[in-house]
Amino acid sequence: MIHMIQRAEDQAAELAMSAYRAAVADGQLPQADIQRAPVEIPKDPKNGDFTTTFALAATKALRIPPRNVAQILLNYLKLDGSYFASAEIAGPGFLNFRLNKDWYRDVLAAVESEGEAYGTSDNLKGQKIMVEFVSANPTGPMHMGNARGGVLGDTLAAVLQACGADVTREFYVNDAGHQIDKFAQSIEARYLQIIKGKDAVPFPEDGYQGDDIRELAQTYYDRHGEDLLGADVQVRRDTLARFGLDINLPKMKSDLERYKIHYDQWFFESTLHKSGFVKETVDKLTARGYTYEKEGALWLKTAEILTALYRRAGKTDKEIEKLDLKDDVLRRANGFYTYFAGDIAYHRNKFEIRGFDRVINVWGADHHGHVARLKAALDALGLDGTGRLDIVLMQLVKLLRDGEVVRMSKRTGKAISLSDLLDEVPVDAARWFFNSKPDTQMDFDLGLAVREDSENPIYYVEYAHARICSLLRNMKSEGMAVPKVKDVDFTLLTGETEEALMRQISQFCEVIRLSARDYDPSHINRYLVELAGCFHRFYTVCRIKGEEAHIAQARLKLADCTRVVLENGLRLIGVDAPEKM
RNA sequence: GCGCCCGUAGCUCAGUUGGAUAGAGCGUUAGACUCCGACUCUAAAGGCCGCUGGUUCGAAUCCAGUCGGGCGUACCA
């Protein structure tokens, strides 16, 4: 659990600060309120491994030109016993640090001792987090957006876990409400059409038109015949809805499992209604004075709650007025609770009953209008939705083939479903491509995903791994095993490509941290491509086989550590690391 | 109308919360295998970071406008 980047960064900051304090003590620099020296990693390695912008940032407070500040700091800098070999002034006043052998050795030592755990941390230790994702309507097949949401949610959960959080993956099943009624009535109509003939039974105007509904009706008919023909309408619909869900849900589950997505919990909306939790939650809002009745319906004072919230956030009344905030119905005039009411109860359950510290929902961008009001409702319940509920909105997916937008499957003529996609594209390619930055609209190119060449970055990364495995096999057959760090002479790893590779290895933990912080696990993909690139460059320049034994061993160790990190990274995003390709 | 997201190389995208000469990959062009896997590597060309102002030592990044694209604005879920 050693973050090598963090350690070096902290050390550079401390060195700069103690140099500053020493300079102040000597009267060389004026006293100012500076807590910590800002440290960054320069984009260009020519500018050192770490840099502090202390002099630039402090120039105003100190009233001294930045280069002069930097020069005085440098005079007082003591690098003995640190991870740094040297420091120098550059540009307008950057103070650049260069790492020494001790640090590189400690990086590989961390990989060696932590193995599969290398990259994990305890940044989020003790936090109980739920990631709810996909939660597609069980009334029909899942679409492309669900594939992206599935991969994103699952990978995000993995990243949070790697940061030490206690993570639950959950699928919320909307098995109640209007949508399900429509589902029931649609199957019912198809069922009755089978018995009485197509023209004898009208199909509901807003019913589900899809063939999957016909198939459900047919399957029911095949198994149970006409037994529902004379049944009570409500019984008939309930039975058919139940029947449909019992077929659809396992199908969804298995489709998601093809994507290597496994849930800890499938949570049924209906349980919230049956147990009275929805009613109780709405009553609680009423008791707190956040509801009113109008035209027979019960409304939530969304506008009022949000107005108070926005005022506290510093918005002016004029700005708030422009937003034209509206209230929301919780209980319809017909006595039924809305989806929104159920959703409030559901999230109250997450926080209050199950005690999650933080809840993350992965939603399609088309639901963004619901973010503010759900948080507001939770705030009204005293559950701090604003602070503890995070919604990751992901933009929709556009499916392409040879640059053309694909809407329908050529084979089936229907919208392309999750399993259709996997029939055409390897799972790992799908996992790789869908793990992209959530807030950019994404093109998924079917042609590219199946290509096994350099245009497809996943093969670039996998190839690096396979190459290392092959190398290890070769060396093993020649009798050379991977040495322990304590037996490696690090003064032999001084090449540019060797150091670049070690630095890249050291950044893994930081990348996971950033992925968790930004809710964007695609940082991992980019990191892995870069890591693979560092390795390929190293491999081109540095030979192992046939080199002098100590050099060969040191390089072999470096290659093996690279392999471990590639595996850890690929595992995190749910992609296999092949030993041969 | 109002709100949210996105405009960066021909294409697909990065840019670690304001830092140095804006970076990759693909594509294009020119090179590198008697040698551990060439599914690789090296180099070149390619940019008013949509546009206009502002904030400051310093802006692709923050603020205000503006123009494009996507999405939303239900007693649907």
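Lettering follows sequence order; numbering is per chain, from 1.
Listed nucleotides: B/rG19, B/rA77, B/rC71. Nearest to the side chain of A/Y339: B/rA77. Minimum atom distance to the side chain of A/H367 is reached by B/rA77, of the listed B/rA77, B/rU40, B/rG72. Relative to the side chain of A/Q441, the nucleotides B/rG69, B/rC75, B/rC2 differ in distance, and B/rG69 lies closest. Between B/rC76, B/rG72, B/rA20, one nucleotide has an atom nearer to the side chain of A/N96 than all others, and that is B/rA20.
In this structure, A/K437 atom NZ and B/rG7 atom C1' are separated by 12 Å, rounded to whole Å. Between A/D343 atom CG and B/rA77 atom C1' there is a gap of 9 Å when expressed in whole angstrom units. Taking atom CZ of A/R473 as the reference point, atom P of B/rG37 lies 8 Å away to the nearest angstrom. In this entry the distance linking CZ of A/R537 with P of B/rA38 reads 16 Å, nearest Å. Following rounding to the nearest Å, A/L272 (CG) and B/rA77 (P) show an atom-to-atom distance of 15 Å. Atom CD of A/Q507 is separated from atom P of B/rG15 by 14 Å (rounded to the nearest Å). A/Y460 has its OH atom 12 Å from the C1' atom of B/rA38, to the nearest Å. In this structure, the CD atom of A/E462 is 15 Å from the P atom of B/rC39, given to the nearest Å.
Using modelled atom types and a 3.5 Å distance limit, the side chains of A/S515 and A/D520 yield no donor-acceptor pair.
Residue contacts shown for A/A90 include a base, since a base heavy atom lies under 4.0 Å away. As judged by a 4.0 angstrom heavy-atom cut-off over every strand, A/A466 is placed among the base-contacting residues.
Residue A/R332 places at least one side-chain N or O closer than 4.0 Å to OP1 or OP2 of B/rC76. For B/rC35, the OP1/OP2 oxygens have no side-chain nitrogen or oxygen of A/Y539 closer than 4.0 Å. Look at A/N334 and you won't find any side-chain N or O under 4.0 angstrom from OP1 or OP2 of B/rC75.
Look at B/rG25: its Watson-Crick or wobble partner, with both distances under 3.5 angstrom, is B/rC11. Base pairing annotation: B/rG3 forms a Watson-Crick or G-U wobble pair with B/rC71, both donor-acceptor distances under 3.5 Å. B/rA32: Watson-Crick or G-U partner is B/rU40, with both key distances under 3.5 Å. Using Watson-Crick or G-U wobble geometry with both donor-acceptor distances under 3.5 Å, B/rC49 finds no partner in any strand shown.
B/rC26: glycosidic angle beyond 90° from 0, hence anti.
Salt bridge annotation for A/K322-A/E319: absent, with no cationic side-chain nitrogen under 4.0 angstrom from a carboxylate oxygen. Taking 4.0 Å as the cut-off between side-chain N and carboxylate O, A/R36 and A/D10 count as a salt-bridged pair. Classification of A/R526 and A/E530 as a salt-bridged pair fails, no side-chain N sitting under 4.0 Å from a carboxylate O.
A donor-acceptor contact under 3.5 angstrom links the side-chain atoms of A/E295 to the base of B/rC75.
The two residues A/E170 and A/K350 make their nearest non-hydrogen contact at OE2-CE, 4.4 Å.
Of the P atoms belonging to B/rG58 and B/rG1, the separation is 36 Å, rounded to the nearest Å.
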Walk me through whether A/Y463 and A/Y459 qualify under ring pair (Phe, Tyr, Trp, His ring centres under 6.0 Å). CA-CA 6 Å; A/Y463 179 65; A/Y459 288 100; over 10 Å; no
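Taking the 5.5 Å centre cut-off and the 30° plane limit, the aromatic side chain of A/Y463 is classed as stacked on B/rC39.
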